[in-house]
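Have a look at the structure below before the remarks.
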Amino acid sequence: MTRRPPDPPSTGTVYADVVLPLALARTYTYQVPEEFVGQLQAGLRVEVQFSKNKHYAGIIRRLHGTAPGFKTKPILSVIDVEPLLTERQLELWEWMADYYCCTLGEVMTAGLPSHLKMASETIITLGPMFSDDITELDEDEYLIVEALTLQSELSLKDIRDILQRKTVYPVIRGLLDRHVIFPKEEFSDRYKPLEVKCVRFGPKYRTEAERISAFDLVSRSEKQTAVLLEYLDVSRKQPYVRRADLSKRTGASDAVIKALVKKDIFEFYDHEVSRLGGAEANARAGALSREQQEALGAVRGCHAAGKPALIHGVTGSGKTRVYLELMLEEIDAGRQVLYLLPEIALTGQITKRLQQVLGDKILVYHSRLNNMERVEIWKAVLSGEKSVVGPRSALFLPFTKLGLVVVDEEHDPSYKQQEPSPRYNGRDVAMYLAHQHGARSILGSATPSLESWENARSEKYGLVTMRERYGGTALPEMTVANSRETDDKGMHHPFFTPTLIENIRATIERGEQVILFQNRRGFAPVYFCPTCEWSVQCVNCDVTLTYHKYQHRLRCHCCGYVTSPPEHCPACGEVQLKLSGTGTEKIEDELKIFLPEARIARMDLDTTRGKNALGQLLQQFEVGELDILVGTQMVTKGLDFDRVGLVGVISADQLLRFPDFRADERAFQLMLQVAGRAGRRERQGKVIIQAHEESHPVLTDVLAADYENFIQREADNRRAHAFPPYRKMIRIQLRHPRRPTAEEGAKLMGKWLAYALGDLVEGPFEPSIARLRTYYLQDIVLRLPPHVAELKRVKDIIQRATDKLATTKGLSGVRVVVDVDPY
DNA sequence: AGCACGCCGACT
DNA sequence: GTCGGCGTGCTC
């Protein structure tokens, strides 16, 4: 990257405004010692002391000659030679801090890989690759390495003592760069290849004839014959056969399989399940369809007119193919591309496909990367050579030649960071980023959000529509099943209609797969006493605990609190406690009763928590080791499988009843997205939605796959009730461990805001979950006409009110959380 | 965010 | 008489 000329040292001392990785509102001004004057510029990291004993790696925001009206501390050392951040990134940080009402330090904390944010407490250890190349080390470095071989870990503070000098960061940085030492956390995060224990025919049984002869060898054993047959059956469908699977399916013990190995018929081996990365660039895949060709032209048209393009393309229309074409163009022209996806979709086939076509030109920025890999990507992006596919955090990478930004699944709520600050929406920040770089941008979805649709309607974005599924596959047949439906004996099941069960059965019999969607995890969300109606509440939050049958535990889905179910009701002593409500676990459980033969798996937060659990689950489903996948929202995202013949929505009512102004939009998106998982290639898929309220207008639109009708009506509703996107919404949440204090603070805050803003202020009121993680909550909501100048004024008012509250006796402990566009 | 300073209750 | 509770204010 080109070096910016250092700011000219004006008369006298030079000062540097430094951003610190703390939740501080402003930058802090340090004095630049004479010796550093020539080498400093914005974006470099420097070591500074902050308060008594703390040293941090801060980032220079700007250099100037204006002496502040207080004594300044000196910059202790310069960590980087070249800036680690670009001017644009610093501007982006400032914009985010400003727009989302948070501090620069909070943006910095979110935006820098922790490896680059050293502080005095950082613990370092000796790297595993260190091969006593002591000759390479200078005296200071040698001292550190020697200390580490004796003590294994040291804090930066220790190192300062060892070296007997104040400035140790440059030395540390040098060692880090050469991978001699590591910040400690990295070891916990080392990845290993995913391997599964498998069986295959031994070397003597490679040919068909040899294999047939194997049957003679085992003819005396019924079990071994069965295993052999099963093996042949499974191996026809899957590229590898798991040892555990084989015994499970045949009911044969592991000893039976071992016996076959002993006879040299089988052998064990570890099958390495493919991981992302290391792909070779292929030729461009297949030709564009006519519609894709047209869409491509339309997107180019938008870009030529300087507008972002919103692609509304039904699932399977091949939006990715269109993105790819444009991405290739940018990359060929030597520019960078940022392709954003919701986190979960990153595990899917899309990343693989991008890497197949773009090879090592594109890097996957994944939440599972370790620190070192993150820093490597950071540097590669800074050099302008690599493009990136990643979740919203990839927005913080130091792009220098950004030419195109793609936001796929732009409607997805997980683009919005909820906690902690900065509470930003990745899609919106992406648009700002593109604008900042003068880059083109594309938003894509099968169900565009109302905000984006409205932007297209008002011609801020260009709209590109793709209506056909690539290859002409028909859209799935969608039907609704009344939840009250009974079977031929007049029996009614609380969560499976006969229609759904019959269809599941038929689908599996055809050798196809089923996805069932239930938007709630666990077994039952309420554990209660039928006598006195007492129910188990979370100790930290104002919610009931969800029963998880598999672990026989009660869990809080807000804070993670776990406890054992009580033996009897503590209020009245009743011993027969009951469960109510339905989660994915229960669906899975009940389904096993109906379909004991089916291979069922569950996909929710609980089953995908482990490192490779999600990938493993998807892999299993992909190769056909599973018949039914029961899951939460997760199953609506990024799943792209050919053999899904049926998608079932267990309860549409549950989605539509949600008390939020976006409930309808969310429900519509979720249902249409999950429906899109059905029948992707030759075959038409089927979707069955169970509901009590069959004629709900949202359901009617879902069944007709009528986005236009839905979004038009939704827009009218929102406009009529003054909701976003026709109003700017800001939520101000006040939190305190004591309810009266939270209430008092909120009342006061509400009064001040109402004084300045009148009836734009609603509340304070208690949110539906009144206590969260031991804090009592109070909300104040502002709904403003969407004018930018107005917004600045409002944010100043909020800031002043927050400051005022912080200096009010007795209420200074009330935390104020501002959430801009809180949806 | 961390941390020191400071002003009110149960202890060696 | 002190130790320590956390409420308050500051860090260039």
Side-chain angles (χ1 to χ4, degrees), chain A residues 7 12-34 36-37 40 42 44-79 90 93-94 96-97 100-112 114 116-123 155-157 160 166-167 169 417 419-423 734-742 744-745 748 773-776 799-818:
Chain A
D7 292 15
T13 328
V14 180
Y15 297 93
D17 293 344
V18 175
V19 191
L20 294 163
L22 298 168
L24 301 166
R26 292 166 297 108
T27 55
Y28 283 75
T29 307
Y30 289 82
Q31 192 193 119
V32 180
E34 201 68 32
F36 297 150
V37 168
L40 293 188
L44 280 175
R45 283 178 304 163
V46 288
E47 178 185 358
V48 291
Q49 188 182 39
F50 187 68
S51 82
K52 202 83 204 257
N53 254 324
K54 293 274 175 189
H55 285 221
Y56 293 97
I59 287 167
I60 298 187
R61 178 65 196 101
R62 60 177 66 86
L63 298 165
H64 55 87
T66 329
F70 43 77
K71 55 182 172 3
T72 48
K73 284 182 180 162
I75 283 173
L76 299 173
S77 66
V78 186
I79 300 172
L90 291 166
W93 287 11
E94 274 169 359
M96 284 182 76
Y100 290 106
C101 297
C102 66
T103 68
L104 254 188
E106 284 168 331
V107 182
M108 175 173 173
T109 310
L112 263 194
S114 56
L116 302 172
K117 294 181 292 211
M118 298 177 281
S120 337
E121 312 80 53
T122 307
I123 305 286
S155 74
L156 294 193
K157 217 181 260 171
R160 218 178 307 139
K166 272 184 166 173
T167 69
Y169 285 87
Q417 167 141 328
E419 203 88 351
S421 214
R423 297 174 176 76
L734 294 97
R735 308 176 179 175
H736 195 270
R738 289 198 308 271
R739 177 178 250 138
T741 316
E744 202 186 324
L748 204 55
R773 297 161 200 270
T774 75
Y775 283 92
Y776 284 93
Q799 190 56 55
R800 277 207 300 278
T802 308
D803 293 345
K804 208 161 145 192
L805 195 70
T807 54
T808 304
K809 279 262 176 284
L811 296 177
S812 62
V814 179
R815 303 191 61 75
V816 180
V817 169
V818 182

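No hydrogens, no waters, no symmetry mates; every other heavy atom, side chains included, goes into these values. Computed from a predicted model, the values in this text were never measured in an experiment. Naming convention: chains lettered A, B, ... in sequence-line order (proteins, then strands); numbering from 1 in each chain.
- A:K117 places a side-chain N or O within donor-acceptor distance of the main-chain N or O of A:L112, the cut-off being under 3.5 Å.
- A:I75 places a side-chain heavy atom less than 4.5 Å from the side chain of A:L40.
- Within a 6.0 Å sphere centred on CD of A:E34, heavy atoms belonging to other residues, nucleotides or ligands number 12 at most.
- Taking atom NZ on A:K52 and atom C1' on B:dA1, their separation rounds to 19 Å, with Å as the unit.
- When the C1' atom of B:dA1 is taken as reference, atom OH of A:Y56 falls 7 Å away, rounded to whole Å.
- Within 4.0 Å of A:G105, counting heavy atoms only, lies no atom of the nucleic acid at all.
- At least one donor-acceptor pair closer than 3.5 Å links the side chain of A:T807 to the backbone N or O of A:K804.
- Annotation: side chain of A:H55 is in contact with side chain of A:Y169 (closest heavy-atom distance under 4.5 Å).
- Across all strands, A:Y30 comes closer than 4.0 Å only to sugar-phosphate atoms, never to a base (heavy-atom distances).
- Residue contacts shown for A:T29 include a base, since a base heavy atom lies under 4.0 Å away.
- Nucleic acid contact for A:Q49: sugar-phosphate only, since backbone atoms but no base atoms lie under 4.0 Å from a heavy atom of the residue.
- Among the heavy atoms of the strands lying under 4.0 Å from A:L24 is at least one base atom, whether or not backbone atoms are also near.
- A:R61 comes within contact range of no nucleotide atom at all, as no heavy-atom separation falls under 4.0 Å.
- Distance check, rounded to the nearest 0.5 Å: CD of A:E47 to OH of A:Y30 gives 11.0 Å.
- The footprint of chain A on DNA chain C, defined by a heavy-atom cutoff below 4.0 Å, extends from C:dT8 to C:dC12.
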